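Read through the structure below, which is laid out as structure tokens, and then see the notes.
If you're wondering where the values come from, they're calculated on a predicted model, not measured in any experiment. Below, read A as the first sequence line, B as the second, and so on, with proteins coming before strands; counting in each chain starts at 1. We use all heavy atoms of the structure for the numbers below, so side chains are in, but hydrogens, waters and symmetry mates are not.
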Amino acid sequence: MAKNLLIVESPAKAKTIEGYLGKDFTVKSSYGHIRDLVKSEDAIDIANNFNQKYEVPADKKQVVSELKKLAKEAEMVWLASDEDREGEAISWHLFETLGLKDASTKRIVFHEITKPAILKAIDTPRKIDYNLVNAQQARRVLDRLVGFELSPVLWKKVKPSLSAGRVQSVAVRLIVDREREINKFKSEAAFKIVAVFGKGKEAFKAELPERFAKQEDAEQFLNDCIGANFDIRSLETKPAKRSPAAPFTTSTLQQEASRKLGYSVARTMQVAQRLYESGNITYMRTDSVNLSETALDAAQKEIVSAYGDKYHQLRKYKTKNASAQEAHEAIRPTYFSNHTIDGESAEKRLYELIWKRAIASQMSEAQFEKTTAKISISTRKEELTANGEVMKFDGFLKVYLESNDEEDDTQQDGENAMLPPLTRGQRLALQEMSATERFSRPPARYTEASLVKKLEELGIGRPSTYAPTISTIQNRGYVVKEEREGKIRNFRVLTLKGDAIVKENKTENTGAERGKLFPTDIGAVVNDFLVQYFKDIVDFNFTACVEKQFDEIAQGLKEWTAMLHDFYNPFHKEVQSTIETADKATGERELGIHPENGKKVSVRIGRYGPFVQVGDSATEENKEEKPLYASLRTGQSIETISLEEALELFKLPKAVGEYEGKVMKVAIGRFGPYISHNGAFVSLPKEIDPLDVTEEQAIELINAKRKKDAEKLIKTFDEDPEVRVLNGRWGPYIEFGKLNVKIPKDKDPLTLTYEECKALADATPKDSKKGRFGKAAQTKAVTKKAPAKKKAAAKKK
DNA sequence: CAGTGAGCGAGCTTCCGCTTGACTT
């Protein structure tokens, strides 16, 4: 039996370290935190100095009991959780929960998983730093207080099941604010002048730095250029260089994987986790750009052997982020000599990205020669500018070029392309000149990854929570990640060729979005409510401000309960006064007056989502005249819908006639326009306008659908008309009421009996639509329910 | 895959961080 038990946070780490330490050490993992505040309201005793009630969650019981057993047997227990606030708290929780003794417990820390680093840590043990632990408790308690006091306010004033918190509410705010900036944005048009000089290989582009707001001015400019002389007035060549980016942190990895590989932040983290577990990369949840000495050596060796001496440049990066805790290294390959790895394609691609970025970070800068030519025009005082760039030495660009968020449209106009050899005073032959109408662009919507970047800049959230936060705000329905179609926009192009100017009208698609984050109506209403009543909490600086205080606690300069008192007392007062005084938040907006009946038209969110109301709500005196309601469609928002669009919603559902004594109705559902008739539904083909469907058309569509259905029907049963065997596109299946069950290949659908159908249906899980973590969440919800019910019962008494 | 396209009603929901599981589409 080993004399020493060493506990780290991650099992993969434990395995590596065990290899370094030999048989005197057993190395185990705590799998992160082993205790948390109890779920119930009495988790924090505010009157009693915020005394906390912790419990070991069900899924951690086994780990804890195993660690307890091993700790009892060991002579010395080494607490080796990460060196940051949370890590220190994990050590403390371990100390408390495992019942450790001071004399036989040592606390050690290291920032990199290398043998010398671990051995050095073991040589320099310390005690648990209770200041740091207190800082973590303050963080934990504050988050619980904010989350569990604010959320119930939303249940009362907006809608049940909503949530608010220090991190998620600011994330939503960023998206709501951005959307409003975009809605408010007025695009301005201006004409951009681009000239092409020379022919064939010698051709190059030059641009006018100024733009013309008016078409007449642009046209005048082109006109003046007819027959003008174009001379190179000045020619300047300057060396330029570009340096590599720092190796990846969690946030920069998420951004690059999103831009270069199109991965969501959750996907990036899943793949990175697998790379970590297979020993290919270092830990993937980190805010540090630091590389260990061993890593720097290994990178150097690899660069020198693969590319040569002059490609290597030792670089040490420092984080710019004040809130970084730097308990780990940057994300890098474990072995730089592996340029690529075995595995799934996603793993390979992400690994290569990580390898390239880390290698490039230790490479020399790329060198360029930038040439700027100014071209005078004999008939105008303005000058055209041509830029050229020649790479003199590729340096780090041999392996890696960082991408950026702004897709810019100047690139395609040949900026920084190569210029032919030019001399000062040289006369140029104009091939063509164009004036193209360009529009200023609104600020970009956030992607998941650019939101993470922003949150990191604001110091909000941690590497381990970026991906979950993004999921939370989507799961709560505050934000949707969507594709939206753009609008067709006209723009004008004037082209001068020879002596003539040709005017053209062209169209482009603008504002189309893919994978961008949009606020929902509920997201906007919740945000506005929080901004109105809890301005301080959703302030972008709130986290930075409390972080500063946590740091003071960690340094022993501040008492953690005093800090919490200072925060909680005014906060709790605001919560209470809001519950008492605030009206229900519905985001109501008046759109105007109905042009035909003069009634008020308004929009707001209700229990089932956003809707339009025509006429005032029923009152005691006025019970007869009930208002009319209509739900908004996907993509519409109570913030931007117009009166006309709102009234359109009342034109459907609409009866289009009768068939077989039953009414046929046209309506728009979640999957588009449809006709309903006697409990059956038929989708409308795209080319038919739902407002113009005729009785004949509807009957035709219903009959066509019936014919199609009849072709699919294999058999029915006398026992139960609800059960049918059908032929689907993916083969035969059984329709069992609302449940569809695939028929296994070894069964013949024609000879299937009713009993067999029933057996198949029973064997199919009823709720199998949940995703990867769905079921785990479900079982948790079930276990949660029991004590919650007790609490509710107790309340009633 | 095909199906879906409501609703009047009890009791539930919720935070942020640290870590990996088990689970089928």
Pairing donors with acceptors under 3.5 angstrom, does anything connect the side chains of [X] and [Y]?
X        : Y        : result
A:Arg285 : A:Ser464 : no
A:Glu347 : A:Gln270 : no
A:Gln168 : A:Ser163 : yes
A:Arg274 : A:Tyr276 : no
A:Glu329 : A:His111 : no
A:Glu88  : A:Gln136 : no
A:Glu277 : A:Gln273 : yes

So [X], base contact, sugar-phosphate only, or nothing? Heavy-atom distance under 4.0 Å.
X        : result
A:Ala164 : sugar-phosphate
A:Tyr466 : nothing
A:Ser163 : sugar-phosphate
A:Gly87  : nothing
A:Thr465 : base
A:Arg476 : sugar-phosphate
A:Gln136 : nothing
A:Thr472 : sugar-phosphate
A:Asp36  : base
A:Gly32  : base

Distance check needed: [N] [atom2] versus [X] [atom1], whole Å only.
X        : N      : atom1 : atom2 : result
A:Gln270 : B:dC23 : CD    : P     : 17 Å
A:Glu66  : B:dT19 : CD    : C1'   : 15 Å
A:Arg140 : B:dC15 : CZ    : P     : 11 Å
A:Tyr674 : B:dG5  : OH    : C1'   : 4 Å
A:Lys39  : B:dT14 : NZ    : P     : 9 Å
A:Phe567 : B:dC15 : CZ    : C1'   : 12 Å
A:Arg144 : B:dC15 : CZ    : C1'   : 7 Å
A:Ile579 : B:dT14 : CD1   : C1'   : 14 Å

message: Taking the C1' atom in each of B:dT25 and B:dA2, what is the distance between them to the nearest angstrom?
response: 16 Å

Give a yes or no on whether a donor-acceptor pair under 3.5 Å exists between the nucleobase atoms of [N], that is its base, and the side chain of [X].
X        : N      : value
A:Arg462 : B:dC16 : no
A:Arg285 : B:dC18 : no
A:Ser161 : B:dT13 : yes

message: Could you check whether any side-chain N or O of A:Thr249 sits under 3.5 Å from a backbone N or O of A:Ser288, counting only pairs where one atom can act as donor and the other as acceptor?
response: no

- prompt: When you match A:Pro11 and A:Glu149 each to their closest nucleotide on DNA chain B, which lands nearer the 5' end?
  reply: A:Glu149

statement: 5'-most contact on DNA chain B (nearest-nucleotide basis), A:Val167 vs A:Gln273, goes to A:Val167

Could you check which of [options] has an atom nearest any side-chain atom of [X]?
X        : options                : answer
A:Gln168 : B:dT19, B:dT14, B:dT4  : B:dT14
A:Asp82  : B:dG17, B:dT19, B:dC15 : B:dT19
A:His33  : B:dT19, B:dG17, B:dT20 : B:dG17

field: Within 45° cone and under 6.0 Å: A:Arg476 NZ/CZ vs A:Tyr478 ring
entry: no

message: Counting only side-chain nitrogens and oxygens, does A:Ser464 get under 4.0 Å of the OP1 or OP2 atom of B:dC18?
response: yes

query: Ring stacking, A:Trp155 with base of B:dT13, under 5.5 Å and under 30°?
result: yes

- request: Treating a pair as Watson-Crick (purine N1 to pyrimidine N3 plus N6-O4 or O6-N4) or G-U wobble (N1-O2 and O6-N3) with both distances under 3.5 Å, list the stems of 3 or more consecutive pairs that involve DNA chain B.
  value: none

